[in-house]
Amino acid sequence: MTSDVFEPLAGLEGVGSAARAARDGVDVLLRDRGLRKVSADMTAEALLRGAHASAALAGSPSTLEEVRRGDGDGLAAGAVRMTGELMSLAPRVTTAPVQVWTRLHQLAAADLGSEDQMGHVRTGREPIPDDIPGLRPAPPADEMWERLSGLAQALSRPTSAPGLVVAAIVHAEIAVLRPFPTANGLVARAAERAVLIAKGIDPLSVTVPEVGHHELAGSYPQGLRDYASGGLVGVQAWLLRSCEVIALSAERSPLNNPAG
(Lines give C-alpha, C1' and ligand atoms only; values in the text may rest on other atoms or scores of the structure.)
Protein backbone atom coordinates (compact mmCIF):
# COMPACT_ATOMS: atom_id res chain seq x y z
CA MET A 1 0.00 0.00 0.00
CA THR A 2 1.13 3.55 -0.73
CA SER A 3 1.09 6.06 2.09
CA ASP A 4 -2.20 7.59 0.86
CA VAL A 5 -4.38 5.02 -0.84
CA PHE A 6 -7.47 7.23 -0.82
CA GLU A 7 -6.04 10.20 -2.74
CA PRO A 8 -5.82 8.51 -6.17
CA LEU A 9 -9.42 7.32 -5.83
CA ALA A 10 -10.57 10.86 -5.04
CA GLY A 11 -8.89 11.90 -8.31
CA LEU A 12 -11.06 9.63 -10.47
CA GLU A 13 -13.03 11.58 -13.04
CA GLY A 14 -15.97 13.46 -11.57
CA VAL A 15 -15.40 12.29 -8.00
CA GLY A 16 -13.78 15.47 -6.70
CA SER A 17 -16.51 17.75 -8.00
CA ALA A 18 -19.26 15.40 -6.79
CA ALA A 19 -17.68 15.26 -3.33
CA ARG A 20 -17.47 19.06 -3.17
CA ALA A 21 -21.11 19.40 -4.21
CA ALA A 22 -22.23 16.88 -1.58
CA ARG A 23 -20.10 18.60 1.07
CA ASP A 24 -21.70 21.93 0.10
CA GLY A 25 -25.11 20.41 0.83
CA VAL A 26 -23.97 19.38 4.30
CA ASP A 27 -22.40 22.80 4.84
CA VAL A 28 -25.68 24.52 4.01
CA LEU A 29 -27.43 22.28 6.53
CA LEU A 30 -24.83 23.28 9.13
CA ARG A 31 -25.11 26.93 8.02
CA ASP A 32 -21.87 27.01 6.10
CA ARG A 33 -19.82 25.39 8.85
CA GLY A 34 -21.05 27.82 11.44
CA LEU A 35 -22.33 24.58 12.98
CA ARG A 36 -25.84 25.68 13.84
CA LYS A 37 -27.14 24.88 17.28
CA VAL A 38 -28.17 21.26 17.41
CA SER A 39 -29.72 19.65 20.46
CA ALA A 40 -28.83 16.17 21.62
CA ASP A 41 -32.42 15.20 20.80
CA MET A 42 -31.91 16.20 17.17
CA THR A 43 -28.75 14.14 16.88
CA ALA A 44 -30.55 11.21 18.51
CA GLU A 45 -33.42 11.56 16.01
CA ALA A 46 -31.03 11.55 13.05
CA LEU A 47 -29.30 8.46 14.43
CA LEU A 48 -32.63 6.73 15.01
CA ARG A 49 -33.85 7.41 11.48
CA GLY A 50 -30.54 6.18 10.16
CA ALA A 51 -30.78 3.01 12.22
CA HIS A 52 -34.26 2.30 10.89
CA ALA A 53 -33.19 2.86 7.28
CA SER A 54 -30.09 0.69 7.66
CA ALA A 55 -32.13 -2.13 9.19
CA ALA A 56 -34.74 -1.82 6.43
CA LEU A 57 -31.98 -2.09 3.82
CA ALA A 58 -30.84 -5.27 5.58
CA GLY A 59 -34.35 -6.72 5.32
CA SER A 60 -36.07 -5.57 8.52
CA PRO A 61 -39.85 -5.12 8.15
CA SER A 62 -40.04 -2.86 11.22
CA THR A 63 -41.55 0.58 10.71
CA LEU A 64 -39.96 3.77 11.97
CA GLU A 65 -42.63 4.10 14.65
CA GLU A 66 -42.04 0.54 15.84
CA VAL A 67 -38.32 1.26 16.06
CA ARG A 68 -39.03 4.49 17.91
CA ARG A 69 -41.10 2.56 20.48
CA GLY A 70 -38.43 -0.09 20.90
CA ASP A 71 -40.57 -2.73 19.19
CA GLY A 72 -38.35 -3.37 16.17
CA ASP A 73 -37.03 -6.78 15.15
CA GLY A 74 -33.49 -8.01 15.80
CA LEU A 75 -31.95 -6.12 12.89
CA ALA A 76 -33.57 -2.86 13.95
CA ALA A 77 -32.68 -3.38 17.61
CA GLY A 78 -29.06 -3.99 16.68
CA ALA A 79 -28.94 -0.88 14.49
CA VAL A 80 -30.36 1.21 17.32
CA ARG A 81 -27.86 -0.22 19.82
CA MET A 82 -25.02 0.90 17.56
CA THR A 83 -26.34 4.46 17.51
CA GLY A 84 -26.11 4.58 21.29
CA GLU A 85 -22.31 4.34 21.12
CA LEU A 86 -21.55 5.73 17.68
CA MET A 87 -20.70 9.27 18.80
CA SER A 88 -18.23 7.97 21.39
CA LEU A 89 -16.74 5.36 19.04
CA ALA A 90 -16.29 7.68 16.05
CA PRO A 91 -13.20 9.56 17.33
CA ARG A 92 -11.34 6.23 17.51
CA VAL A 93 -12.09 5.17 13.95
CA THR A 94 -8.78 6.51 12.64
CA THR A 95 -6.66 5.21 15.55
CA ALA A 96 -8.26 1.87 16.42
CA PRO A 97 -10.59 1.07 13.52
CA VAL A 98 -10.71 -2.70 13.95
CA GLN A 99 -11.71 -2.31 17.58
CA VAL A 100 -14.42 0.13 16.56
CA TRP A 101 -15.76 -2.24 13.90
CA THR A 102 -15.76 -5.23 16.23
CA ARG A 103 -17.59 -3.22 18.89
CA LEU A 104 -20.17 -2.15 16.32
CA HIS A 105 -20.65 -5.78 15.39
CA GLN A 106 -21.03 -6.80 19.01
CA LEU A 107 -23.84 -4.24 19.36
CA ALA A 108 -25.46 -5.03 16.01
CA ALA A 109 -25.48 -8.80 16.32
CA ALA A 110 -26.70 -9.32 19.89
CA ASP A 111 -30.07 -10.63 18.67
CA LEU A 112 -28.84 -12.27 15.46
CA GLY A 113 -26.61 -15.12 16.53
CA SER A 114 -24.89 -16.95 19.33
CA GLU A 115 -22.61 -15.14 21.75
CA ASP A 116 -19.48 -16.72 20.28
CA GLN A 117 -20.27 -15.05 16.94
CA MET A 118 -20.29 -11.52 18.32
CA GLY A 119 -17.58 -8.91 18.22
CA HIS A 120 -14.82 -10.82 16.45
CA VAL A 121 -13.53 -10.94 12.90
CA ARG A 122 -14.26 -14.32 11.33
CA THR A 123 -11.64 -17.01 10.94
CA GLY A 124 -11.10 -19.70 8.36
CA ARG A 125 -12.92 -22.18 10.60
CA GLU A 126 -16.21 -20.31 10.23
CA PRO A 127 -18.61 -20.32 7.28
CA ILE A 128 -18.21 -17.54 4.75
CA PRO A 129 -21.12 -15.16 5.42
CA ASP A 130 -23.74 -14.35 2.83
CA ASP A 131 -25.79 -11.73 4.65
CA ILE A 132 -25.88 -8.86 2.11
CA PRO A 133 -28.31 -9.82 -0.67
CA GLY A 134 -27.09 -9.43 -4.23
CA LEU A 135 -23.34 -9.61 -3.55
CA ARG A 136 -20.96 -12.22 -4.81
CA PRO A 137 -19.46 -14.58 -2.20
CA ALA A 138 -17.22 -12.95 0.38
CA PRO A 139 -13.48 -13.67 0.13
CA PRO A 140 -11.95 -16.36 2.33
CA ALA A 141 -10.69 -15.38 5.76
CA ASP A 142 -7.02 -15.00 4.85
CA GLU A 143 -7.74 -12.59 1.99
CA MET A 144 -10.31 -10.75 4.07
CA TRP A 145 -7.85 -10.29 6.96
CA GLU A 146 -5.17 -8.93 4.63
CA ARG A 147 -7.50 -6.37 3.07
CA LEU A 148 -9.10 -5.39 6.37
CA SER A 149 -5.68 -4.83 7.93
CA GLY A 150 -4.67 -2.73 4.94
CA LEU A 151 -7.81 -0.64 5.28
CA ALA A 152 -7.14 -0.10 8.99
CA GLN A 153 -3.56 0.98 8.27
CA ALA A 154 -4.72 3.37 5.53
CA LEU A 155 -7.21 4.98 7.92
CA SER A 156 -4.45 5.66 10.43
CA ARG A 157 -2.38 7.66 7.91
CA PRO A 158 -2.92 11.24 6.76
CA THR A 159 -4.82 11.63 3.49
CA SER A 160 -5.61 14.51 1.20
CA ALA A 161 -8.79 12.79 0.02
CA PRO A 162 -12.17 14.23 1.07
CA GLY A 163 -13.69 12.55 4.11
CA LEU A 164 -16.67 11.60 1.96
CA VAL A 165 -14.41 9.46 -0.20
CA VAL A 166 -12.75 7.80 2.79
CA ALA A 167 -16.14 7.02 4.33
CA ALA A 168 -17.44 5.52 1.08
CA ILE A 169 -14.40 3.27 0.69
CA VAL A 170 -14.68 2.06 4.29
CA HIS A 171 -18.35 1.23 3.73
CA ALA A 172 -17.69 -0.67 0.52
CA GLU A 173 -14.69 -2.59 1.83
CA ILE A 174 -16.51 -3.83 4.93
CA ALA A 175 -19.59 -4.76 2.89
CA VAL A 176 -17.57 -6.62 0.26
CA LEU A 177 -15.23 -8.34 2.74
CA ARG A 178 -18.01 -9.24 5.21
CA PRO A 179 -15.54 -9.71 8.06
CA PHE A 180 -18.17 -10.78 10.59
CA PRO A 181 -20.42 -13.84 10.79
CA THR A 182 -23.57 -11.64 10.72
CA ALA A 183 -24.78 -8.02 10.43
CA ASN A 184 -22.09 -6.92 7.99
CA GLY A 185 -24.36 -4.45 6.20
CA LEU A 186 -25.35 -2.78 9.45
CA VAL A 187 -21.71 -2.50 10.49
CA ALA A 188 -20.59 -1.18 7.08
CA ARG A 189 -23.14 1.62 7.10
CA ALA A 190 -22.42 2.54 10.73
CA ALA A 191 -18.70 2.56 9.93
CA GLU A 192 -19.34 5.00 7.09
CA ARG A 193 -21.23 7.33 9.42
CA ALA A 194 -18.44 7.08 12.00
CA VAL A 195 -15.90 8.27 9.43
CA LEU A 196 -18.16 11.17 8.42
CA ILE A 197 -18.24 12.22 12.09
CA ALA A 198 -14.51 11.70 12.68
CA LYS A 199 -13.45 13.51 9.51
CA GLY A 200 -15.53 16.56 10.38
CA ILE A 201 -17.99 16.20 7.51
CA ASP A 202 -20.90 15.87 9.91
CA PRO A 203 -19.47 16.16 13.43
CA LEU A 204 -22.94 16.69 14.92
CA SER A 205 -24.31 13.60 13.12
CA VAL A 206 -27.48 15.26 11.88
CA THR A 207 -27.40 13.92 8.33
CA VAL A 208 -28.82 10.47 7.62
CA PRO A 209 -26.65 8.64 5.06
CA GLU A 210 -28.46 5.38 5.73
CA VAL A 211 -31.68 6.98 4.49
CA GLY A 212 -29.86 7.98 1.32
CA HIS A 213 -28.68 4.41 0.79
CA HIS A 214 -32.18 3.13 1.44
CA GLU A 215 -33.79 5.57 -0.99
CA LEU A 216 -31.27 4.45 -3.61
CA ALA A 217 -31.64 0.79 -2.62
CA GLY A 218 -32.17 -0.28 -6.22
CA SER A 219 -28.54 0.54 -7.03
CA TYR A 220 -27.02 -0.61 -3.75
CA PRO A 221 -26.13 -4.26 -4.56
CA GLN A 222 -25.00 -3.39 -8.09
CA GLY A 223 -22.88 -0.55 -6.77
CA LEU A 224 -21.09 -2.90 -4.40
CA ARG A 225 -20.70 -5.55 -7.11
CA ASP A 226 -19.18 -2.94 -9.42
CA TYR A 227 -16.88 -1.76 -6.64
CA ALA A 228 -15.73 -5.33 -5.98
CA SER A 229 -15.05 -6.46 -9.52
CA GLY A 230 -15.33 -3.50 -11.89
CA GLY A 231 -11.83 -2.09 -11.43
CA LEU A 232 -11.39 1.65 -11.19
CA VAL A 233 -14.56 2.21 -13.22
CA GLY A 234 -16.52 0.30 -10.59
CA VAL A 235 -14.87 2.22 -7.74
CA GLN A 236 -15.63 5.49 -9.52
CA ALA A 237 -19.30 4.53 -9.92
CA TRP A 238 -19.54 3.63 -6.21
CA LEU A 239 -17.95 6.91 -5.15
CA LEU A 240 -20.27 8.95 -7.37
CA ARG A 241 -23.25 7.08 -5.94
CA SER A 242 -21.95 7.71 -2.42
CA CYS A 243 -21.72 11.45 -3.09
CA GLU A 244 -25.36 11.35 -4.21
CA VAL A 245 -26.22 9.53 -0.97
CA ILE A 246 -24.54 12.23 1.13
CA ALA A 247 -26.40 14.98 -0.70
CA LEU A 248 -29.65 13.13 0.03
CA SER A 249 -28.60 12.59 3.64
CA ALA A 250 -28.45 16.34 4.19
CA GLU A 251 -31.82 16.90 2.54
CA ARG A 252 -33.42 14.21 4.71
CA SER A 253 -31.94 15.47 7.99
CA PRO A 254 -34.45 16.03 10.79
CA LEU A 255 -33.19 19.61 10.81
CA ASN A 256 -35.02 19.95 7.48
CA ASN A 257 -37.77 17.44 8.22
CA PRO A 258 -38.53 17.46 11.94
CA ALA A 259 -41.73 15.43 11.53
CA GLY A 260 -39.96 12.59 9.80
Side-chain angles (χ1 to χ4, degrees), residues 1 5-6 9 12 53-61 73-75 78-79 82 97-98 100-155 166-195 209-210 213-214 216-242 245:
M1 281 192 150
V5 300
F6 300 110
L9 304 180
L12 294 171
S54 187
L57 194 52
S60 168
D73 68 349
L75 286 166
M82 287 192 297
V98 176
V100 170
W101 300 333
T102 53
R103 178 56 181 164
L104 288 173
H105 180 258
Q106 189 176 39
L107 294 165
D111 298 325
L112 303 177
S114 59
E115 190 171 347
D116 62 351
Q117 291 184 312
M118 293 176 212
H120 76 276
V121 179
R122 63 182 166 92
T123 69
R125 296 187 299 274
E126 296 171 293
I128 291 177
D130 183 24
D131 62 330
I132 302 181
L135 269 63
R136 294 183 176 90
D142 55 349
E143 179 185 340
M144 176 273 294
W145 271 99
E146 182 178 358
R147 282 179 59 177
L148 196 71
S149 298
L151 178 64
Q153 290 171 20
L155 273 172
V166 178
I169 296 298
V170 168
H171 179 164
E173 282 291 303
I174 292 175
V176 168
L177 295 177
R178 279 152 285 176
F180 302 105
T182 56
N184 286 288
L186 295 180
V187 173
R189 291 183 287 276
E192 177 182 44
R193 190 191 266 267
V195 174
E210 303 92 339
H213 285 297
H214 187 242
L216 299 176
S219 63
Y220 187 72
Q222 186 62 54
L224 289 171
R225 287 197 299 271
D226 290 344
Y227 174 89
S229 58
L232 288 177
V233 173
V235 174
Q236 177 197 32
W238 173 256
L239 291 175
L240 291 174
R241 181 192 180 280
S242 297
V245 163

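Values in this document were obtained by computation on a predicted structure and should not be read as measured data.
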(message) List the residues meeting side chain to side chain contact (heavy atoms under 4.5 Å, CB included) with E143, not counting sequence neighbours, and say none if there are none.
(response) P139, P140, R147
(request) Would you please name every residue forming a ring-ring contact (aromatic ring centres under 6.0 Å, His included) with H171, sequence neighbours left out? (result) H213, Y220, W238
(message) List the residues meeting side-chain hydrogen bond (donor to acceptor under 3.5 Å, both in side chains) with Q222, not counting sequence neighbours, and say none if there are none.
(response) R225, D226
(request) Give a yes or no on whether the backbone of T123 and the side-chain of E126 come within a donor-acceptor separation of less than 3.5 Å. (result) yes
(message) Applying side chain to side chain contact (heavy atoms under 4.5 Å, CB included), can you list everything that pairs with P179, at least two apart in sequence or on another chain?
(response) V121, M144, L148, I174, L177, N184
(message) Nearest 0.5 angstrom please: L155 CG to F6 CZ, how far?
(response) 4.5 Å
(message) Among residues at least two apart in sequence or on other chains, which ones pass side chain to side chain contact (heavy atoms under 4.5 Å, CB included) with A217?
(response) L57
(message) Per the salt bridge (charged side-chain N to carboxylate O under 4.0 Å, His left out) rule, what does the pair list look like for residues 129-141, sequence neighbours excluded?
(response) none
(request) Please identify each residue that fulfils side-chain hydrogen bond (donor to acceptor under 3.5 Å, both in side chains) with S219, with sequence neighbours left out. (result) R241
(message) Testing the basics here: between G134 and P221, what is the closest heavy-atom pair and its distance to 0.1 Å?
(response) CA-CB, 4.1 Å
(message) Looking at every heavy atom in both A141 and R122, which two are closest together, and how far apart are they?
(response) N-NH1, 3.7 Å
(request) If a pair satisfies salt bridge (charged side-chain N to carboxylate O under 4.0 Å, His left out) and one of its residues is in residues 176-194, list it, with sequence neighbours excluded. (result) R193-E210
(request) Can you sort out the partners of L240 under side chain to side chain contact (heavy atoms under 4.5 Å, CB included), two or more places apart, ordered by chain and number? (result) V15, A18, Q236
